[in-house]
Amino acid sequence: MKCPFCGYSESKVVDSRPAEEGATIRRRRECLSCQKRFTTYEIMERLPLIVVKKDGSRQTFDKQKLINGMLRACEKRPVPTAEIQAVADEIEQELQNSLEREIMSSEVGEMVMEGIKNLDEVAFVRFASVYRQFRDINTFMDELNKLLQENTRTVHQADASKN
């Protein structure tokens, strides 16, 4: 790391500590030539994720778009923004952990639907209606029936585990 004061390329680390909730490391350095101190930040390099849209076009993954879509679905619902942020963080982390650098938008949409289903069922139906582009009331009812069946199974499993 070059000293910003004299340009010397050798320095020693005097202090290190996590910054930005552990996402970066803040390092205080001292130049071995002029003894002046300066601060550097170390961040993990992330490879860009590319989302392949239905029409074949490609876009860089944007977590903020994910959050905005979930916020719209959760509008006027009792869902804390922090929980929406947490779902978006989980999705982004899962995508980063996969070895794939290109992911289909349909896969991202399914991940969002799974995450939002656990937050609020009404928000889930709202998101699903836009994402799956329900063309008529029958396809909408099919999705509602699937949700009801899952809820019934969950209740029966909970009752069975109590016995």
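Fair warning: this is a prediction, and the values are worked out from it, not measured in the lab. All heavy atoms count here, side chains included; hydrogens, waters and symmetry mates do not. Numbers for residues simply follow the sequence, beginning at 1.
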Item to check | CA sep, side-chain torsions, deciding dist, call: Leu49, Thr60, side-chain contact (heavy atoms from CB on, under 4.5 Å) | outcome: CA-CA 6 Å; Leu49 289 169; Thr60 304; over 6 Å; no
Checklist entry - Who are the side chain to side chain contact (heavy atoms under 4.5 Å, CB included) partners of Ile25, not counting sequence neighbours? => result Ser16, Arg27, Glu42
Next on the checklist: If you compare all heavy atoms of Ala19 against all heavy atoms of Tyr41, which two are closest, and at what distance to 0.1 Å?
Outcome noted: CB-CE2, 4.4 Å
Checklist entry - What is the minimum heavy-atom distance between Arg17 and Asp15, and which atoms define it? => result NH2-OD2, 2.8 Å
Checklist entry - So, for Arg126 and Cys74, which heavy atoms are closest and what is the spacing to 0.1 Å? => result NH1-C, 4.0 Å
Pair up each side-chain donor or acceptor in residues 107-117 with any protein partner under 3.5 Å, not counting sequence neighbours, and list the distances.
{"residue": "Glu110", "atom": "OE1", "partner": "Arg132", "partner atom": "NH2", "Å": "3.1"}
{"residue": "Glu110", "atom": "OE2", "partner": "Arg132", "partner atom": "NH2", "Å": "3.2"}
{"residue": "Lys117", "atom": "NZ", "partner": "Glu150", "partner atom": "OE1", "Å": "2.9"}
{"residue": "Lys117", "atom": "NZ", "partner": "Glu150", "partner atom": "OE2", "Å": "3.3"}

Checklist outcome for this item: Phe38 and Cys31 have their tightest heavy-atom pair at CE2-N, 4.2 Å
Next on the checklist: Please say yes or no: joined through hydrophobic side-chain contacts below 4.5 Å, possibly via intermediate residues, are Val52 and Ile91 part of one cluster?
Outcome noted: no
Checklist outcome for this item: Shortest non-hydrogen pair, Phe61 vs Leu66, comes out as CZ-CD2, 4.0 Å
Item to check | Intermediate values then yes/no, side-chain contact (heavy atoms from CB on, under 4.5 Å), Cys3 and Ser33 | outcome: CA-CA 9 Å; Cys3 173; Ser33 176; over 6 Å; no
Next on the checklist: Side chains of Asp89 and Gln93: any donor to acceptor distance under 3.5 Å?
Outcome noted: no
Checklist entry - Without hydrogens or angle criteria, can the side chains of Gln64 and Asn68 be said to hold a donor-acceptor pair below 3.5 Å? => result yes
Item to check | More than 12 heavy atoms from other groups under 6.0 Å of NZ on Lys2 | outcome: no
Next on the checklist: Tell me which pairs pass salt bridge (Lys or Arg N to Asp or Glu O under 4.0 Å) where either residue lies in residues 69-88, with sequence neighbours left out.
Outcome noted: Arg77-Asp120
Checklist entry - Is there a donor-acceptor pair under 3.5 Å between the side chain of Arg58 and the backbone N or O of Gly56? => result yes
Checklist outcome for this item: Phe5 and Cys34 have their tightest heavy-atom pair at CB-SG, 4.3 Å
